[in-house]
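Each chain gets a letter, A, B and so on, in the order the sequences are listed, and its residues count up from 1. FYI, side chains are in, hydrogens and waters are out, and symmetry mates aren't considered; it's all heavy atoms of this structure. Note that this is a predicted model, so its numbers are computed, not measured.
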Amino acid sequence: MLKLYNSLTRKKETFRPLGDVVGIYTCGPSVYQYSHIGNFRTFAFEDVLVRYIRWKGYSVKRVMNLTDVEDKAIATAKKYGKMLGDLTEFYSKVFFEDMDTLGLMHADVFSKATEHIPEIIEIIKRNMDKGYAYCGKDGSVYYDVSKFKGWGKLSHLTLKAGKRKIKRDEWGEDSGILSDFALWKSYEKKDGNVFWETELGKGRPGWHIECSAMSTKHLGTRFDIHVGGVDNIYPHHESVIAQNFGAFGNNPSKYWLHCRHLMVEGKKMSKSAGNFFTLRDLLGKGYDPMAIKYLLLSQSYRKRLNFTFEGLEDAGRKIKNIQSTIEKLKNANGSDDAEKIALKFKKKFERVMDDNLNSGEGLRLLEELVEKVRYMNLNKRSSEKILEILLSLNSIFGLRFQ
RNA sequence: GCCAAGGUGGCGGAGCGGCUACGCAAUCGCCUGCAGAGCGAUUCCAUUCCGGUUCGAAUCCGGACCUUGGCUCCA
């Protein structure tokens, strides 16, 4: 029985889907730059989640958003004198290529914020109608956090009421609480040609509304799992819940799963520390994408993963080890019978994966199986069976072996 | 300050009350003309500290100290 750690309750809960098709929504990348390996840790985890749930026999509809309009994207486009759409299209393509490189399956739906403006407007209007949103002096629309009693439940933060210097674009000028946030941002000159003329006025969507609009459109007002990095918990997911509550009266997702961050040499990855790697940086240094993926999955997603080059080399050796064992199994023609070993491993494997998708333990078991079987003189029948199970288990990780 | 995660051998990392993983590194040896730089062996008296529970604790309870992360850029 699969158990998932739900950030909402801070507990592992037995996974019980709402309906026949498991709806999974993932906060995808902002497409104005190359994604780094930290991003891909989350996406690799999410990929395993989907594969595993399918492996267990469920149908899954998987939606991932591509954020293609927001402050930094606009600023980046402006800086390079490009159209926002050209910039985001380029980086979307890059993202898809990177996913392919890592052997991550594509979502059933990749939704773009700019293609859901009508849905965004609709949700904002609902929030306004029900008194959860108000129009600020600047013409933007803000969410009134004080109206939502469930505010803070996901992040488990207690938010103090109080005044604080308000940055336009982020906080409602009339806010009595620190956390009111923009649903719709009225047009400013710096937005250039990025705007929509709507019944809410000329402007663009706020930071959080797209996920409410797109998840609702593609998965309904209530679906199974919402995935993202831990940094999304607050304020992003907290705001998404608030918006959906304002519009539809409920929390959109039953389970909220958050992947912890990737550390580099023991420290948080950041641009200022210079320990920032994109996937392409690592490929450029000659590393095998499957070694990178192995490393990203080598630890439970609920634990911080320390990325080191030593670890990466180690992962590379492990990949080769599995690779050569697969070759051996294909050519086995000995006398040892060992079918039972593989069946035993399959059971163990399912147990560790059921425990909140511990891909690290799962990989370790795969390694153990390989080690055990490697120097046996297997007969054809056993080796075929073992290979079948090995490949079946690996299909959850999607590691490619030549 | 608040909310979390965690402190295990040179390093990474299991263990979830008794049988002290495993991997890497290191040392020594062997093999390297049909797959694979492989195989075997050895070394390192490891569990942050202080109490408690227990016949017995890395493992449970209490406390201390420390590290890391989050607290409106971020996956």
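- Distance alone, capped at 3.5 Å, places no donor-acceptor pair between the A:R10 side chain and the A:H156 backbone.
- Applying the side chain to side chain donor-acceptor pair (under 3.5 Å) test to A:K12 and every residue at least two apart in sequence or in another chain returns A:D355.
- No engagement by A:I233 is indicated, since no non-hydrogen atom pair under 4.0 Å with the nucleic acid exists.
- Taking the C1' atoms as reference points, B:rA57 lies 15 Å from B:rC50, given to the whole Å.
- Note: CZ (A:F276) to C1' (B:rA75) measures 11 Å, nearest angstrom.
- In this entry the distance linking CG of A:L305 with C1' of B:rA75 reads 13 Å, nearest Å.
- For residues 75-86 of chain A, no pair satisfies side chain to side chain donor-acceptor pair (under 3.5 Å), with sequence neighbours left out.
- Summarising the geometry, the separation between CG on A:N232 and P on B:rC71 is reported as 11 Å, rounded to the nearest angstrom.
- Partners of A:S253 according to the side chain to side chain contact (heavy atoms under 4.5 Å, CB included) rule, which considers only residues two or more places apart in sequence or in another chain, are A:F223, A:H226, A:N251, A:W256.
- B:rA58 sits 38 Å from B:rC71 when the P atoms are compared, rounded to a whole Å.
- Remark: the separation of the C1' atoms in B:rA26 and B:rG52 is 41 Å, to the nearest Å.
- Side chain A:K268 to base B:rC74: a donor-acceptor pair is found below 3.5 Å.
- The side chain of A:E310 sits closest to B:rC24 out of B:rC73, B:rC24, B:rG23.
- In this structure, the side chain to side chain contact (heavy atoms under 4.5 Å, CB included) partners of A:T216, at least two apart in sequence or on a different chain, are A:I123, A:T221, A:N244, A:F248.
- Distances were taken from every side-chain heavy atom of A:M263 (C-beta onward) to each of B:rA14, B:rC73, B:rG69; the shortest belongs to B:rG69.
- Checking A:D100 against A:H106 by side-chain atom types alone, a donor-acceptor pair falls below 3.5 Å.
- Comparing B:rA75, B:rC24, B:rC73 against the side chain of A:R317 picks out B:rC24 as the nearest.
- Rounded to the nearest Å, the gap between the C1' atom of B:rA46 and that of B:rG13 is 13 Å.
- For the P atoms, the distance linking B:rC16 with B:rG7 amounts to 14 Å, nearest Å.
- Residue contacts for A:G311: at a heavy-atom cut-off of 4.0 Å it reaches no nucleic acid atom on any strand shown.
- Taking atom C1' on both B:rG51 and B:rG69, the two are 30 Å apart, rounded to the nearest angstrom.
- Checked against side chain to side chain contact (heavy atoms under 4.5 Å, CB included), A:D354 has the following partners two or more places apart in sequence or in another chain: A:L2, A:Y52, A:K56, A:E350.
- For residues 387-396 of chain A, the side chain to side chain donor-acceptor pair (under 3.5 Å) pairs, not counting sequence neighbours, are A:W55-A:S392.
- Rounded to whole Å, the separation between the C1' atoms of B:rG62 and B:rU43 comes to 39 Å.
- For the residue pair A:T101 and A:D98, no side-chain donor N or O sits within less than 3.5 Å of a side-chain acceptor on the partner.
- As judged by a 4.0 angstrom heavy-atom cut-off over every strand, A:Q299 is placed among residues touching the sugar-phosphate backbone only.
- Put simply, CZ on A:F307 is 16 Å from P on B:rG12, counting in whole angstrom units.
- For the pair A:W151 CH2 and B:rC71 C1', the interatomic distance rounds to 12 Å; values are reported in whole Å.
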Can you pull every protein N or O that's under 3.5 Å from an N or O on nucleotides 1-8 of chain B?
residue	atom	partner	partner atom	Å
B:rC3	O3'	A:R10	NH1	3.3
B:rC3	O2'	A:R10	NH1	3.4
B:rC3	O2'	A:R10	NH2	2.7
B:rA4	OP1	A:R10	NH1	3.1
B:rA4	O5'	A:R10	NH1	2.9

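- Near RNA chain B, meaning a heavy atom under 4.0 Å from it, residues 97-111 of chain A has no residue at all.
- Taking atom CG on A:L297 and atom C1' on B:rG13, their separation rounds to 16 Å, with Å as the unit.
- The stretch residues 112-123 of chain A participates, sequence neighbours left out, in these side chain to side chain donor-acceptor pair (under 3.5 Å) pairs: A:D68-A:T114, A:H116-A:H218, A:E119-A:K217.
- No hydrogens or angles considered: a donor-acceptor pair under 3.5 Å links the side chains of A:T67 and A:E210.
- Under the 3.5 Å distance criterion, with hydrogens and angles disregarded, no donor-acceptor pair is assigned to the side chains of A:Q243 and A:S239.
- Sorted by first and then second residue, the pairs that involve residues 28-55 of chain A and meet salt bridge (Lys or Arg N to Asp or Glu O under 4.0 Å), not counting sequence neighbours, are A:E46-A:R62, A:D47-A:R51, A:D47-A:R62, A:R54-A:D108.
- With both ends at atom C1', the span from B:rU67 to B:rC60 equals 24 Å, rounded to whole Å.
- If you check every strand for non-hydrogen atoms under 4.0 Å, A:H36 touches a base.
- Atom P of nucleotide B:rA75 and atom OH of A:Y91 are separated by 15 Å, given to the nearest angstrom.
- For the residue pair A:N232 / A:H258, no side-chain donor-acceptor distance below 3.5 Å is found, with atom types taken as modelled.
- With a 4.5 Å cut-off on side-chain heavy atoms, A:V264 and A:F276 do not count as touching.
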Just by protein heavy atoms under 4.0 Å, how would nucleotides 32-40 of chain B read 5' to 3' in B, S and -? ---BB-SS-
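- To the nearest angstrom, C1' of B:rC22 lies 11 Å from CD of A:E361.
- A donor atom on one side chain and an acceptor atom on the other are found under 3.5 Å apart for A:Y301 and A:N356.
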Just to be sure I follow the notation: if a pair is Watson-Crick (purine N1 to pyrimidine N3 plus N6-O4 or O6-N4) or a G-U wobble (N1-O2 and O6-N3), each under 3.5 Å, what dot-bracket string does RNA chain B give, with | for pairs to another strand? ((((((((.[[[..)..(...]]].(((((.......))))).....[[[[[..)....]]]]])))))))....
